[in-house]
Amino acid sequence: MSLEDDLLRQRAKRTRQIEALGFRPYGHRFDATHALPEVLSSYPAKTGDELAAEKIPVKIAGRVMTVRRMGKASFAHLQQNGGRLQVYVRQDAVAEADWKLWEHVDIGDIIGADGFVFRTRTGELSVHVEKLYFLSKTLLTMPEKFHGLEDVETRYRQRYLDLIASPESRQVFITRAKIISSLRRQLEAKGFVEVETPMLQAIYGGAAARPFETHHNTLDMDLFLRIAPELYLKRLVVGGLERVYEINRNFRNEGVSTHHNPEFTMLEFYQAYADYEVLMDFSAELLGQTALDATGSKVVEYDGTQLDFGNVRRYTMREAIVEFWEGDGKPTPENVADPEWLLRHSHKLTAGEALTDIFERVAEDKLIQPTIIYKYPVETSPLSKNSVDDPAFTDRFEIYAAGMEIGNAYTELNDPQEQRRRFEMQLGMRERGDDEAHQMDEDYIRALSYGMPPTAGEGIGIDRLTMLLTGSKSIRDVILFPLLRAEGEIGLAAKLRELDK
RNA sequence: GGGCGCGUAGCUCAAUUGGCAGAGCAACUGACUCUUAAUCAGUAGGUUGAAGGUUCGAUUCCUUCCGCGCUCACCA
C-alpha cells in the first residue's frame with residue numbers, strides 16, 4: 001500500500017465523516033460579502049480596538065492553505081484570488097457541529113465562514129469565525145507550504161496546482177491578461193475592429209513556416225492549421241474594414257524552445273491608408289502604454305537589465321550592422337551597401353539574404369533595449385512593399401527587445417501583379433526544396449485585384465511581449481498549458497474506482 | 001535533431017570510494033484557547049523514472065528506453 005493510496009483512503013473517509021455531520025462535501029452556491037483581497041484591503045488603517053468596537057461582519061470563502069491547531073483554538077490561512085487571510089476558529093465561538101467539521105478540515109479544502117474582522121495580538125488582520133460552511137473536499141495533498149511547487153514539469157503539466165501554490169505564477173497570467181486588455185483598449189480607441197479569421201485553412205500563408213496538417217472527414221478535405229492570419233485580414237481591408245485586428249493563436253510545426261511554442265498568440269493589425277512609418281510611431285506608443293498598463297511603469301526589469309519601453313530606438317538594418325559590429329573589420333556605411341562586401345561576409349547567395357544573415361549574426365542578440373530595425377531586403381520579405389527610393393529594400397521593420405523579435409510590420413504589397421510574381425518566386429523556392437516557402441493563394445491575388453487601399457500591417461508576439469513584461473525566461477512560463485510530451489499513466493481513476501466500491 | 005544535465009516518500013531535499021535508503025513539511029495518534037515555516041511527544045509512509053548489465057553487494061558504475069531542463073541548429 002503506497003502512501004498516496006493511504007492518503008486517498010483517509011480523505012475519502014473524511015468525506016464520509018463530513019457528510020455524517022450534515023455537511024455537503026461538495027457544496028453549492030456561496031454568496032460571500034467580500035473576496036479575501038477585499039477584506040485585506042478594506043480595513044488596513046483600523047486599529048484592533050476600532051475593529052473590536054465595530055465588530056464588522058463578513059462572509060468569506062477560500063482554500064485552506066495552512067492550519068495551526070492548538071487544542072480548542074486554531075488559526076488558519078485561507079487563500080482566494082491571490083490573497084491570504086487568517087481565520088481564527090475557537091471551540092466556544094462556533095456550534096458543536098461546526099467544531100467537529102473543523103476537526104475534519106484538511107489543508108487544501110475549500111471552506112466558507114461567517115465571522116467578524118479583528119486584529120490578533122501581533123496585529124494581523126483576521127476573521128474571528130462564528131459559523132463554518134464546507135464547500136469542497138481535496139483528495140490530494142497540497143505542495144509543501146514553505147518551498148511550494150518547484151518541479152517545473154509539474155508546474156507546466158498541472159498548472160492548476162502551480163496557480164494555487166505559486167503567487168508569482170498567478171501574477172504572470174494576471175499580467176498577461178492586462179497586456180491583452182491594454183492592447184485591445186488602445187486599438188479600439190483608434191477605431192480598430194476586432195475580427196476572427198479561419199484557423200483551418202485549405203491554403204496557408206502569411207509567414208514562412210511549416211504547418212500542422214489535418215483533415216475534415218465529411219468534406220474529405222485536407223486542411224492546415226494557420227501559420228498566420230495575415231492574408232485573411234488583408235482580404236478584410238479590401239472589403240472595407242479599414243482598421244482590423246485579431247488576437248489569436250497561430251500554429252507552426254517547428255522546433256520547441258524557450259522562445260517557441262508550437263501554438264502561440266499573435267496580435268495582428270492592419271491600417272488602411274497608412275505606411276510602415278505610421279506604424280513605427282504607433283508601435284512605440286502601443287508598447288509604452290502596454291508596459292505602463294500591465295506593470296505600472298514603462299521601464300521594466302528583464303534578466304537584470306532595465307528595459308525602457310518609453311524610448312524605442314530605431315536603426316536601419318544596415319545601420320544596425322555598423323553600430324553593433326564587434327571586433328576587427330568594422331564596416332563603413334558604404335560597405336554594408338556594397339553587394340560584393342556583403343557576399344564576402346556571408347555564405348548566402350544574394351546581397352539581400354547576406355545582409356539579413358549578417359544582421360542576425362552581428363546585431364540581433366545585442367538588441368536588448370526595445371529597438372526598431374527597418375528597411376529589410378526584398379528577398380526576405382515576400383509580402384512587403386518595395387521602398388520607393390530603393391526597390392532592393394522593402395518598407396518593413398521589426399521590433400526587438402532582450403535580443404528577441406517581438407514584432408514585425410510593413411507597408412503591405414497591394415499590387416496584384418507584383419504579388420503574383422512574388423508567389424511564383426516562392427513556388428520556385430518550394431520546388432527547390434524550401435518547404436517553408438509560400439503557397440500560391442489565388443483567391444488572395446483575386447482580392448488584391450479588386451484593389452486594396454495602401455495599407456500597413458503589423459504582428460506582435462503576445463507570448464514574447466508577456467515574457468518581457470513579466471521577467472519570464474521561458475515562453476512556457478507565460479503559456480498556461482505549454483505543449484509537452486504525453487504524460488504516462490496517471491492511475492488516479494483506478495484508485496478512485498477502488499475507493500468507490 | 002545534436003550536446004550537456006536532472007529524475008530518491010504526496011511536496012522540498014540528503015545519502016562519503018559501490019556497503020543497512022534518511023530529514024523537514026504534509027499525513028496519523030496524543031498535549032495545547034492569539035498562532036503564523038506554531039510548538040512538544042510518538043507512529044506510519046520507498047518498485048530510488050523503466051528495463052537490462054557489471055558486482056558478493058547498485059540510488060551510486062555501464063547500456064537502452066521514458067520524461068523534463070539548459071544549450072546549439074531551425075523558427076516568431
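By convention in this document, chain letters (A, B, ...) are assigned in the order of the sequence lines, proteins followed by strands, and residues within each chain are numbered from 1.
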| field | P spacing across the pair B:A51 / B:A58, given as an integer number of angstrom | value | 14 Å

- A:Arg157 side chain near B:C68 phosphate (N/O to OP1/OP2, under 4.0 Å): yes

Are A:Phe324 and A:Tyr315, when compared by the centres of their aromatic rings, separated by less than 6.0 Å?
yes

Sub-6.0 Å ring centroid separation between A:Phe134 and A:Phe23: no

| task | May I ask you to establish whether A:Lys55 and A:Phe116 are in a cation-pi arrangement, using a distance under 6.0 Å from NZ or CZ to the six-membered ring centre and at most 45° from the ring axis? | result | yes

When both distances are under 3.5 Å in a Watson-Crick or G-U wobble arrangement, the nucleotide paired with B:G5 is B:C68

ask   = Base, sugar-phosphate, or nothing for A:Ala165, non-hydrogen atoms under 4.0 angstrom?
value = nothing

Partner of B:G52 under the Watson-Crick or G-U wobble criteria, both distances under 3.5 Å, comes out as B:C62

Touch check for A:Leu484, heavy atoms < 4.0 angstrom, all strands: base, sugar-phosphate only, or nothing? sugar-phosphate

For the P atoms, the ones on B:C4 and on B:U64, what distance do you get once it is rounded to whole angstrom? 12 Å

Side-chain contact check for A:Val152: nearest option of B:A76, B:G69, B:A26 is B:G69

What interatomic distance, in whole Å, is found between P of B:G46 and the corresponding atom of B:U63? 31 Å

Answer for the Watson-Crick or wobble partner of B:C13, both distances under 3.5 Å, is B:G22

Classify the ring geometry of A:Tyr88 against A:Phe118: parallel below 30°, tilted from 30° to 60°, perpendicular beyond 60°.
tilted

Here the distance between atom P of B:C32 and atom CZ of A:Arg69, to the nearest Å, is 15 Å

Any donor-acceptor pair, under 3.5 Å, between the side chain of A:Glu124 and the base of B:U35, if you only look at N and O atoms?
no

Applying the 3.5 Å cut-off to both distances, the Watson-Crick or G-U partner of B:U47 turns out to be none

For B:G57, the nucleotide meeting Watson-Crick or G-U wobble distances (both under 3.5 Å) is none

Looking only at B:A27, B:U12, B:G69, the nucleotide nearest the A:Leu149 side chain is B:U12

(message) At less than 3.5 Å, do the side-chain atoms of A:Asp151 and the base atoms of B:U12 form a donor-acceptor pair?
(response) no

